[in-house]
Amino acid sequence: MLLPQLELMQARLWNIITVPAMWLTVGAGGLMIYQRNALEPWLHVKLGLVGALFIYHLISGNIRRKQRARGSTWSSKGLRMWYEVATGLL
């Protein structure tokens with residue numbers, strides 16, 4: 001009974017908040033690079049971290065799809081640890 005509600009909440013979070021925020025971040029970063037016309041050293045670090053977050057986002061989407069199909073092998077402890085990775089990157 002609780003699982004359908006959790007899946008609905010997960011889908012809304014992913015589709016309404018997470019994916020649009022990712023594309024806004026990529027667009028704003030591209031605009032910043034375009035306006036600056038140069039890649040300064042601090043920008044290399046920032047782009048590296050944003051790239052790592054982009055890869056993290058793709059892997060998290062894959063985990064979400066496997067959970068929806070009931071094929072995920074992640075434990076609750078493993079998922080909690082995985083979701084802390086984003087905090088470190090931010």
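Proximity of T25 to L53: side-chain heavy atoms (C-beta onward) are nowhere separated by under 4.5 Å. At least one side-chain heavy atom of H57 sits less than 4.5 Å from a side-chain heavy atom of V19. For the pair M81 and E84, the minimum side-chain heavy-atom distance is 4.5 Å or more. Here the side chains of I59 and I55 are in contact, with some heavy-atom distance below 4.5 Å.
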Legend entry - N62 and R65: CA distance, side-chain angles, deciding distance, side chain to side chain contact (heavy atoms under 4.5 Å, CB included) verdict: CA-CA 5 Å; N62 190 28; R65 280 188 291 281; 4.0 Å; yes
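Put simply, NE2 on H44 and CG on L49 are 13.0 Å apart, with the number rounded to the nearest 0.5 Å.
Every residue two or more places apart in sequence or in another chain that forms a side-chain hydrogen bond (donor to acceptor under 3.5 Å, both in side chains) with W42 is listed here: E40. Y56 meets the side-chain contact (heavy atoms from CB on, under 4.5 Å) test with S60, W82, Y83, V85, A86, L89; sequence neighbours excluded. Remark: R70 pairs with E7 by the salt bridge (charged side-chain N to carboxylate O under 4.0 Å, His left out) rule, at least two apart or across chains.
Neither F54 nor M32 shares a network with the other; the hydrophobic side chains, linked directly or stepwise wherever heavy atoms of I, L, V, M, F, W or Y lie under 4.5 Å apart, form separate groups for each. L58 and W23 fall within a single hydrophobic cluster, where Ile, Leu, Val, Met, Phe, Trp and Tyr side chains are chained together by heavy-atom contacts under 4.5 Å.
Residue S72 comes nearest to Q67 through the heavy atom pair CB-CG, 3.7 Å, listed as atom of the first residue, atom of the second, then distance.
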